[in-house]
Amino acid sequence: MVESTGGVYFVPAFNGLFAPWWREDARGVCIGITRFTNKSHIARAVLESMCFQVKDVLDSMNKDAGEKGSLNNEKGEFLLRVDGGATANNLLMQIQADLMGTPVVRPVDIETTALGAAYAAGLAVGFWKEEDIFESGEKSKNSKVFRPAMEEATRKKKVESWCKAVERTFDLADLSL
């Protein structure tokens, strides 16, 4: 394991870039490679790319929703609740917390997608209230919380570098012969 990507950024624009970029002319790139880059740097860059993509979409959603979309806990923190197979990776979850600058909450049972769909349907028809699901404490008492450890200046620089890397993927659709 390495502590950083060594300046390597991986942008998986294999079919263009979707939300929030919406660029069908983008193509995947791995940039910032030097003679000191090794496979661990590239692997970490791939993990970071997943987290940057989540951040991009959540930032876009928050921008679109404005204050109406702000769902913070009693401490005023936005909690990113995660599930699915990739969330078993502790490093990935810590990177997500660091890049978002917000706690990431992983339940004990990480395969909760179907349960989440059922909760969403139940909320939509009034079968449950939000408090019943999120505030009971029973379901979340054994959750693992990843708290951001990255300094704000470092986070800002990494996000700027990610955006620069993403911009380098634009207008590459005509490379194929």
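What you are looking at is a predicted structure, and each value in this text was computed from that prediction instead of being measured. As a basis for the values below, the full set of heavy atoms in this structure was taken, side chains included, without hydrogen atoms, waters or symmetry mates.
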Closest heavy-atom contact between [X] and [Y]?
| X | Y | answer |
| --- | --- | --- |
| Ile110 | Asp83 | O-CB, 3.1 Å |
| Val29 | Leu172 | CG1-CD1, 4.0 Å |
| Gln94 | Ala149 | NE2-N, 3.9 Å |
| Asn142 | Val108 | O-CG2, 3.0 Å |
| Gly32 | Thr37 | O-OG1, 4.1 Å |
| Ile95 | Cys51 | CG2-SG, 3.7 Å |

Any salt bridge linking Glu152 with Arg155? Criterion: basic side-chain nitrogen under 4.0 Å from a carboxylate oxygen.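 A salt bridge is present here (some side-chain N lies under 4.0 Å from a carboxylate O).
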Kindly assign one of parallel, tilted or perpendicular to the pair Trp22 and Phe18, based on the angle between their ring planes and the thresholds 30° and 60°.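 Ring orientation, 0 to 90° scale: perpendicular.
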On the 0 to 90° scale, with breaks at 30° and 60°, tag the Trp162-Phe52 ring pair as parallel, tilted or perpendicular.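 Trp162 and Phe52: parallel rings.
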Reported [atom1]-to-[atom2] distance for the pair [X] and [Y], which is rounded to 0.5 angstrom:
| X | Y | atom1 | atom2 | value |
| --- | --- | --- | --- | --- |
| Lys55 | Leu80 | NZ | CG | 11.5 Å |
| Thr87 | Arg81 | OG1 | CZ | 13.5 Å |
| Glu77 | Arg147 | CD | CZ | 4.5 Å |
| Ile42 | Thr5 | CD1 | OG1 | 10.0 Å |

Are [Y] and [X] connected into the same hydrophobic cluster when the rule is that any two of I, L, V, M, F, W, Y join if their side-chain heavy atoms are below 4.5 Å apart?
| X | Y | value |
| --- | --- | --- |
| Phe10 | Leu175 | no |
| Tyr9 | Trp21 | yes |
| Phe14 | Val46 | yes |
| Val8 | Leu91 | no |
| Phe36 | Met1 | no |

Kindly indicate, with the supporting measurements, whether the criterion side-chain contact (heavy atoms from CB on, under 4.5 Å) is fulfilled by Gln96 and Val54. CA-CA 8 Å; Gln96 188 70 75; Val54 169; 3.5 Å; yes
Count the heavy atoms belonging to other residues, nucleotides or ligands that lie under 6.0 Å from [atom1] of [X], then report whether that count exceeds 12.
| X | atom1 | result |
| --- | --- | --- |
| Glu3 | CD | no |
| Glu151 | CD | no |
| Asn15 | CG | no |

Show, in sequence, the C-alpha distance, side-chain angles and deciding distance for His41 and Asn38, and conclude whether the side-chain contact (heavy atoms from CB on, under 4.5 Å) test is met. CA-CA 6 Å; His41 294 109; Asn38 63 46; 3.3 Å; yes
Before giving the answer on side-chain contact (heavy atoms from CB on, under 4.5 Å), spell out for Met100 and Leu58 the whole-Å C-alpha distance, their side-chain angles and the decisive distance to 0.1 Å. CA-CA 9 Å; Met100 290 289 301; Leu58 287 175; 3.5 Å; yes
Is there a donor-acceptor pair closer than 3.5 Å between any side-chain N or O of Ser60 and the backbone N or O of Val57?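 Not confirmed, Ser60 side chain does not pair with Val57 backbone.
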Side-chain donor/acceptor of Arg44 to backbone N/O of Val2, under 3.5 Å: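 Yes: the side chain of Arg44 pairs with the backbone of Val2.
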Just do the side-chain contact (heavy atoms from CB on, under 4.5 Å) check on Lys144 and Met93 with the steps written out, would you? CA-CA 10 Å; Lys144 170 104 170 119; Met93 295 298 93; over 6 Å; no
4.5 Å side-chain heavy-atom contact, Ile31 and Val11: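 In short, these two side chains do not touch, never coming nearer than 4.5 Å.
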